[in-house]
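To find a chain, count down the sequence lines: A is the first, B the second, and so on, and within it residues start at 1.
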Amino acid sequence: MTTAKHFAFYKSFGTVLVLLFVTVPFILLFGFAGALARRSRFFPVRAVGLAYTSMVRGIPDIVFFLFALIALDQGIEYLRHIMLCPDWSEPIRQGSDFIVCPEAKMPLGSAPQWQHEVYGFFLAMTGFAVVFGAFAANTMYGALQAVPRGQLETGVAFGMSPRQIFRRIHLPQMWIYALPGLSNLWMILIKATPLLFLLGVEDIVYWARELGGIKIGLYSYPHGDWRLAYFVVLLVFYLGLTWVSERVFERLTRYVSRGQDTAGGAL
Amino acid sequence: MNILAKMAMATALAAVLGTAAASAQTVRMGTEGAYPPFNFVNDNGEVDGFEREVGDELCARANLDCVWVTNEWDSIIPNLTSGNYDTIIAGMSITDERDQVIDFTQEYFPPDPSRYMALAGAELSDGAVVAAQTATIQAGYLAGTGYTLVEFATPDETVAAVTSGEADAVLADESYLAGIIDASNGELAFVGDPVSIGGGVGIGVRESDGELKDKLNAAIDSMKADGTLAALIAKWFDGRVVSY
Amino acid sequence: MSCTETIVEYGLRAIGIGERLLPKADITLCEQFVLIGSGMIWNLYFALFALAFGFFAATGVALARASSQPLLQLPAKAFIFVIRGSPLFIQFFIAYESFVLIPKLGFDLSLGFVDITVETRWLTKAWLGALVVLFLNTTAYTAQIFHGALLAVPKGDIEAADALGMTPFRKFRRVVWPSMLRLAWASYTNEAIFLFHATALVFFSSFPAWRQEGDALYYANYFADKTFNPFVPYPIIGLYFVIFTIVLIAVLGVVNKRLNRHVPPE
């Protein structure tokens, strides 16, 4: 229970938590951009917003992760390749190989392992942000629509500019309508984290399988198939995380309900 | 939350801007880390096993700076071609199918016959359920036989399927199963005749990476010539004798 | 081999009909489309049955959750919490591992005209075991949605039903249940989509595929492995899922219209 491998396992719980917290701002950003795009008066922008939200929602996240991240990785390297090595003459695609100049590799081939891990983590985070951003966009779009007309008209009556109305009235009031949807999304996000190991991040599922698997005599502590036990530990971890989240959201709901003309706010 | 976000940005940025400080050429060695004795992750969380020792020795002889990384078996080839690491050294048999997409060095381990393993005393009847790991040469072979193929994602699960009675047998490389049988206290045993499916085990490199392939080939040559490779095989595979 | 021949040979491959060996070399785009499409049969099967059974079970669980009887309320609450609080991925794994441990028994089930031997062993097969997991999963999520809707049914409606002297069952069937569904429908649509997408996890790392019969993702994975190119099979399966998701949304939308048919348009 105290081998280096076990410490890697304990540390991976932290990885999952960090990913969750770091990703949230990006999800909100993507969601917000998506929601605004869908409300745009300019048709192409609206079309992009709609395409983004409906495409990503239509594809299972697991399928999306399986190819989108390799594509993203190669896309970044391709851009760096164009910028950093303008004189490179060899083709980038040679058969099935994808070759960019060594300076464009992300991270550089010579970089220490931790940089590779951080980069993998960064890619995984982007993947999560794109997928869950689409769901958040949908929620926020609905919430923006749900703010009562009268509230906005009051703003007009006070002679506010459209920008002022949006920032001072529309946006603050949107949160109460968006919160149930967003809290639901958070719960779904928590439960999507076991997919991290698909993205090459050594997360809790990876280590649980690794530690629980059959260990023959080559290992210092041989044992049989203990994966079930390790997975039960993961189950408990996730239940705990959900329980804490529920409590936090209850408080948050009370907070954003202040002064709102809803059942919760009137109390 | 804000601080965390900033920290993540900073580290990501550091990774983007990270500058090269290359002296000897750095080669990233990709392996699965779940296939003892070829490769496995030991209790210190490091890659260990026969291939770790061979790889380190090859790198020393070819004057390469080697870093070990693990990757799921499923996506081990696409991640090589897209450049996430530079070699596959994961007990991978040289096959024509794979050779079309990547290149292999010469073999550093002789063709390993595949064996069926079942509960001791069991016989394999026609139509028996045989487990194999998804996307292995064994899975491809079983699909064309009279046995019922059942596929699992990891080697561990294929063995677990036999002990739990889900499958009647498992088909895998002899050297992998030998270790499992030793550890099973007589519960498991080989059954039926060996089948030879794949070629020898070689190191996979990108087709465009001829230079690296040449270096590794030369290093394997020298390890074969002075007997170090034979000694390592004997050490990890229960005294197996090879004609290198 | 022309594409029509491919369709004939591989169109139903996922359920064991047609050519036994999967294409190995010179894989065409047509073969990828056909086989991955054939795998979608499994995804649709899991989604339809889990949703159909789960829908009714969820009504029961939601009622139990809303009951004032602790004996009904607490188990319902615990069930919803455990299922909603843990990743489906881990549920699949734990379920599969425990199903394997169940002793292999056969029960004779007499249906009057036929005798069926029910084997516990079937639970380790995806068609039953994974269906059970997906069913439990959607039941819990849907029950939570229904429970919320149940609390939101207007008091006046219920009092009106009482005033009309309806029996409790009639009151539920004619007043409470339709209102509940109407209120819950938007969230339920989301849940249905999530469940449909979750079917892609079945063969991915818990339930083994037999005789190379698997779902769409299994075949997409197979092709990605054989062609070493993930950029063809995965977008294909993505396309299939997008199409069927749109169909699913359309079907649920029709139901929504029907549920709201008495509500005057705004």
Side-chain angles (χ1 to χ4, degrees), chain B residues 34 72-82 84 88 92 95-103 127-168 170 204 206-207, chain C residues 10 13 16 19-27 35 39 89 92-93 96-105 119-127 129 201-215 217-234:
Chain B
E72 292 276 306
W73 178 256
D74 267 358
S75 58
I76 206 162
I77 290 182
N79 273 312
L80 173 75
T81 56
S82 70
N84 288 345
I88 297 176
M92 185 177 270
T95 64
D96 290 343
E97 271 176 11
R98 289 174 181 146
D99 214 5
Q100 283 173 9
V101 188
I102 57 174
D103 262 359
V129 178
V130 181
Q133 187 183 5
T134 316
T136 53
I137 47 173
Q138 285 86 5
Y141 169 80
L142 282 169
T145 64
Y147 296 123
T148 306
L149 166 66
V150 47
E151 289 168 282
F152 293 86
T154 60
D156 270 359
E157 284 166 291
T158 59
V159 174
V162 175
T163 44
S164 72
E166 259 305 279
D168 300 318
V170 48
R206 279 183 295 276
E207 294 198 310
Chain C
Y10 288 123
R13 177 62 179 77
E19 178 66 33
R20 197 159 80 93
L21 291 178
L22 297 183
K24 281 198 162 167
D26 306 322
I27 289 163
L35 262 171
F89 181 86
F92 268 129
F93 181 88
Y96 179 70
E97 292 288 311
S98 355
F99 287 156
V100 169
L101 294 178
I102 294 176
K104 287 158 193 70
L105 301 173
E119 285 194 49
T120 49
R121 187 155 200 168
W122 289 350
L123 278 173
T124 62
K125 304 276 176 69
W127 71 266
L201 275 177
V202 170
F203 289 100
F204 202 70
S205 60
S206 42
F207 286 86
W210 288 73
R211 293 180 210 88
Q212 300 189 310
E213 292 160 19
D215 76 329
L217 188 57
Y218 172 83
Y219 290 114
N221 226 348
Y222 176 84
F223 286 123
D225 175 62
K226 285 285 175 253
T227 61
F228 305 101
N229 180 3
F231 296 116
V232 177
Y234 292 131

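In terms of heavy-atom pairs under 4.5 angstrom with chain C, the leader among B:A131, B:P78, B:A143 is B:A143.
With a 4.5 Å cut-off on non-hydrogen atoms, C:N229 does not touch chain B at all.
Between B:E157 and C:Y96, every side-chain heavy-atom pair lies at or beyond the 4.5 Å cut-off.
Closest heavy-atom contact between C:F204 and B:A153: O-CB, 4.3 Å. The two residues C:P208 and B:V150 have their closest heavy-atom pair at CB-CG2, 3.4 Å.
Residue pairs meeting the side chain to side chain donor-acceptor pair (under 3.5 Å) criterion with at least one member in residues 144-153 of chain B, sequence neighbours excluded, are B:E151-C:Y218.
Taking the side-chain hydrogen bond (donor to acceptor under 3.5 Å, both in side chains) definition, one finds that B:D168 meets it with nothing, sequence neighbours left out.
Here the straight-line distance linking atom CZ of C:F207 with atom CZ of B:F152 works out to 10.5 Å at 0.5 Å rounding. Taken from CG in C:D225 to OG1 in B:T134, the straight-line distance is 9.0 Å, to the nearest 0.5 Å.
The only option from C:Q212, C:E213, C:R211 that meets the side-chain contact (heavy atoms from CB on, under 4.5 Å) definition with B:L149 turns out to be C:Q212.
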